[in-house]
Peer 1: 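Take this structure first; my questions come after.
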Amino acid sequence: MDRIRLRGGRPLRGSIPIGGAKNAALPLMAAALLSEGPLVLTNAPALDDTRTMAGLLAQHGLSVDHDTNARTMTLGGTATNLVAPYDLVRKMRASVLVLGPLLARYREAKVSLPGGCAIGTRPVDLHLKGLEEMGAKIDLDSGYMNATAPEGLRGAKIYFTQVSVGATENLLMAATLADGMTELVNAAREPEIDDLAHCLIAMGARIEGIGTDRLRIEGVKALHGATHPIVPDRIEAGTFACAAGITGGEVLLEGAKLEHLGTVARVLREAGVEVEEAPNSKNTGGVIVKRLSGLRGVDVMTEPFPGFATDMQAQFMALMAVAEGASMITETIFENRFMHVPEMNRMGARINVHGSSAIVRGVSRLSGAPVMATDLRASVSLILAGLAAGGETIVNRVYHLDRGYERLEAKLAAVGADIERLPG
Ligand code: EPZ
């Protein structure tokens with residue numbers, strides 16, 4: 001297994017290209033099941049998770065071609081196999097996003113239950129309840145969801161009892177081909193959902209309320225292919241913003257959209273990290289991040305967008321570990337998303353977890369150490385801690401990182417980090 005070795009203490013300076021968003025690419029790829037296509041996705045990131053989704057769609061019978069040089073993915077064809085097997089779904093729970101499209105277009109799907117993961121049990125009850133309200137019949141048998149809709153899905157008014165990104169995406173896609181009007185109330189409002197909705201409209205869907213928590217979808221008979229640029233990855237951008245902050249440097253996040261950082265930008269400013277839109281970057285995107293003064297402890301609570309993103313919680317905790325004063329970080333979305341804490345404490349951080357909150361008392365300096373990653377964002381938070389630590393840090397199990405960050409060590413080395421991958 002590959003490891004990453006880094007030595008901290010260098011302020012990062014220069015430009016970092018921000019890729020297409022992992023959490024937009026995955027539902028957009030699943031949307032290819034809704035029509036013959038071709039669906040052309042530009043600004044497509046090359047990640048382990050997109051490769052897993054490509055494999056899943058290919059075993060359904062779709063053609064998936066990813067030109068990684070052109071950063072363009074072309075998907076199309078007809079599904080000949082309606083089963084999403086356990087060995088693929090357990091690798092990546094976003095595989096469950098094929099359920100809505102398969103049911104909507106083929107009126108049948110057999111998808112493995114995703115099971116939990118390191119950060120929580122992550123059930124799919126909201127996905128299933130919504131699809132049943134749209135007329136699907138779903139039986140759970142031997143770890144699989146056997147779903148049928150012999151007469152096709154019908155429009156329904158669906159109230160989400162809690163905000164769910166995946167359930168919103170699954171039902172949004174399913175509703176595009178349902179008979180009649182569907183309304184999703186208390187829908188998630190993440191930029192990746194807006195991106196999916198815009199792509200579906202380009203494919204011929206009728207959707208209103210984009211950007212709000214009420215989406216209205218008028219079903220159509222069929223969708224067609226389209227070309228769609230994937231939105232830049234706000235979590236990758238936020239991660240590198242924390243890297244600039246923790247090292248006291250200044251970086252340009254090429255292609256990033258400031259408004260997609262939501263509350264993360266405001267909280268970073270409160271902590272002493274300047275986050276501004278790059279001059280004349282209206283169309284191209286671009287965010288400049290620089291550390292103005294010392295870092296200050298700031299309290300944070302994770303919430304659905306536009307609140308502070310749970311996917312930024314671990315990275316922000318690394319920043320707070322070397323801030324002046326204390327920070328209370330409360331995780332409200334997942335039940336077990338503090339696994340980076342023991343590893344950071346081995347690097348000299350002073351963090352105490354009480355239930356869903358962590359108290360971080362800033363220290364002047366962390367010390368490098370061999371550390372273990374447990375999930376995608378925990379992994380990258382240890383890289384950030386290593387960038388600020390004295391001495392050498394070795395991050396093990398970096399396969400977690402490769403799921404969601406493309407060429408992470410190359411991008412950091414290009415702005416001055418002393419970092420390299422040690423092939424395992
Ligand atoms: C998406 O996961 C993201 N993944 C996650 O990013 C992100 O952390 C999460 O949204 C929240 O923003 C992708 O987009 C591929 P949810 P998802 O449904 O859709 C509960 C990363 O690091 N829930 O919004 O699975 C659930 O247990 C990953 O890139 C139910 O109870 O998240 C959680 O507590 C990690 N029943 C909360 O809702 C359901 O049917 C939010 O989950 C669905 C969810």
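The basis for the numbers below is simple: all heavy atoms, side chains too, and nothing from hydrogens, waters or symmetry mates. In listed order, ligands and their atoms are each counted from 1.
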Peer 1: Near Arg269 CZ, under 6.0 Å, is it more than 12 heavy atoms from other residues, nucleotides or ligands?
Peer 2: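 Yes, CZ of Arg269 has more than 12 neighbouring heavy atoms, counting only those of other groups under 6.0 Å.
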Peer 1: Any luck finding a side-chain donor-acceptor pair between Glu190 and Asn23 under 3.5 Å?
Peer 2: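 No pair is found: no donor N or O on one side chain lies under 3.5 Å from an acceptor on the other.
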Peer 1: For the CD atom of Glu236 and the CG atom of Asp311, what is their distance to the nearest 0.5 Å?
Peer 2: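 These two atoms lie 13.0 Å from each other.
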Peer 1: Heavy-atom distances under 4.0 Å are what count here, so tell me which part of Ile333 touches ligand 1: side chain, backbone, both or neither.
Peer 2: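 Both backbone and side chain.
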Peer 1: Could you check atom 40 (O) of ligand 1 against the protein and tell me its nearest heavy-atom contact, residue, atom and distance included?
Peer 2: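 Answer for atom 40 (O) of ligand 1: Leu126 N, 2.7 Å.
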Peer 1: Start with the C-alpha distance between Phe316 and Phe308, add both sets of side-chain angles, then the distance that settles ring-ring contact (aromatic ring centres under 6.0 Å, His included), and finish with yes or no.
Peer 2: CA-CA 10 Å; Phe316 189 72; Phe308 192 95; 5.4 Å; yes
Peer 1: If you measure every N/O of Phe334 against every N/O of ligand 1, is any gap under 3.5 Å?
Peer 2: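 No; every N/O pair is 3.5 Å or more apart.
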Peer 1: Atoms of ligand 1 less than 4.0 Å from Arg377 heavy atoms?
Peer 2: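 Numbered from 1, ligand 1 contributes 21 (C), 22 (O), 29 (O).
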Peer 1: Check whether the side chains of Glu331 and Thr310 place a donor and an acceptor atom closer than 3.5 Å, and report yes or no.
Peer 2: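 Yes.
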Peer 1: Run Met344 and Phe338 through side-chain contact (heavy atoms from CB on, under 4.5 Å) and show every step you take.
Peer 2: CA-CA 10 Å; Met344 281 185 196; Phe338 286 139; over 6 Å; no
Peer 1: Identify, by atom number and element, the atoms of ligand 1 in contact range of Val124, meaning under 4.0 Å from any of its heavy atoms.
Peer 2: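 Here the atoms of ligand 1 in question are 39 (C), 40 (O).
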Peer 1: Test of understanding: given a 4.0 Å heavy-atom threshold, classify the contact between Asp311 and ligand 1 as side chain, backbone, both, or neither.
Peer 2: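 Just the side chain.
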Peer 1: Under 4.0 Å from a heavy atom of Gly166: give me the atoms of ligand 1 that qualify, with their elements.
Peer 2: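 The atoms of ligand 1 under 4.0 Å from a heavy atom of Gly166 are 18 (O), 19 (O).
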Peer 1: When you compare the side chains of Thr78 and Tyr106, does any donor N or O come within less than 3.5 Å of an acceptor on the partner?
Peer 2: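 No pair is found: no donor N or O on one side chain lies under 3.5 Å from an acceptor on the other.
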Peer 1: For Gln162 and ligand 1, does the shortest N/O to N/O distance drop below 3.5 Å?
Peer 2: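 So ligand 1 has an N or O lying under 3.5 Å from an N or O of Gln162.
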Peer 1: Would you kindly specify which portion of Thr310 sits under 4.0 Å from ligand 1, judged on non-hydrogen atoms: side chain, backbone, both or neither?
Peer 2: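 Only the side chain of Thr310 comes within reach of ligand 1.
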Peer 1: Counting only heavy atoms closer than 4.0 Å, does ligand 1 sit against the backbone of Arg337, its side chain, both, or neither?
Peer 2: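 For Arg337, only side-chain atoms sit under 4.0 Å from ligand 1.
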Peer 1: Which residue supplies the protein heavy atom nearest to atom 36 (N) of ligand 1, what is that atom called, and how far is it?
Peer 2: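 The closest one turns out to be Asp125 OD1, 2.7 Å.
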Peer 1: Can you tell me how far the OG atom of Ser356 sits from the CD1 atom of Ile333, to the nearest 0.5 Å?
Peer 2: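 With rounding to 0.5 Å, OG (Ser356) is 11.0 Å from CD1 (Ile333).
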Peer 1: Suppose I only count heavy atoms of Lys22 and a 4.0 Å limit; which atoms of ligand 1 are within that range?
Peer 2: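 Contacts of ligand 1 toward Lys22, numbered from 1: 21 (C), 29 (O).
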Peer 1: Atom 10 (O) of ligand 1: which of Thr168, Asp233, Val165 has the nearest heavy atom?
Peer 2: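 Of the listed residues, Val165 has the closest heavy atom.
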Peer 1: How long is the gap from CE on Met312 to CD1 on Ile329, to the nearest 0.5 Å?
Peer 2: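 It comes to 10.5 Å.
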Peer 1: Note the single closest protein heavy atom to atom 18 (O) of ligand 1, along with its residue, its atom name and the distance in Å.
Peer 2: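 Ranked first by proximity to atom 18 (O) of ligand 1 is Ser164 OG, 2.7 Å.
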Peer 1: Please determine if Asn23 has a nitrogen or oxygen closer than 3.5 Å to a nitrogen or oxygen of ligand 1.
Peer 2: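 Indeed, backbone or side chain, Asn23 has an N or O that close.
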Peer 1: Closer than 4.0 Å to some heavy atom of Pro123 - which atoms of ligand 1 meet that?
Peer 2: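 Checking each atom against Pro123, I get 27 (O), 30 (C), 31 (O), 36 (N), 39 (C), 40 (O), 43 (C), 44 (C).
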Peer 1: Regarding His400 and Asp375, do their side chains bring together a donor and an acceptor under 3.5 Å, going by distance alone?
Peer 2: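 The criterion, which ignores hydrogens and geometry beyond distance, is not satisfied for Asp375 and His400.
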Peer 1: Strictly by modelled atom types, are His228 and Asp195 linked by a side-chain donor-acceptor pair under 3.5 Å?
Peer 2: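 Side-chain D/A pair, His228 to Asp195: present.
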Peer 1: For atom 17 (P) of ligand 1, what is the nearest protein heavy atom, given as residue, atom name and distance?
Peer 2: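 Checked against all protein heavy atoms, atom 17 (P) of ligand 1 sits closest to Arg122 NH2, 3.8 Å.
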Peer 1: Any atoms of ligand 1 less than 4.0 Å from a non-hydrogen atom of His127? List them with their elements.
Peer 2: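 Listed by number with element: 40 (O).
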Peer 1: Please could you name the atoms of ligand 1 that Arg93 approaches to less than 4.0 Å, counting only its heavy atoms?
Peer 2: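 Near Arg93, meaning under 4.0 Å from one of its heavy atoms, ligand 1 has 25 (O).
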Peer 1: So, Lys137 and Glu151, do they make that salt bridge, N to O below 4.0 Å?
Peer 2: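 Looking at Lys137 and Glu151, the cut-off is not met.
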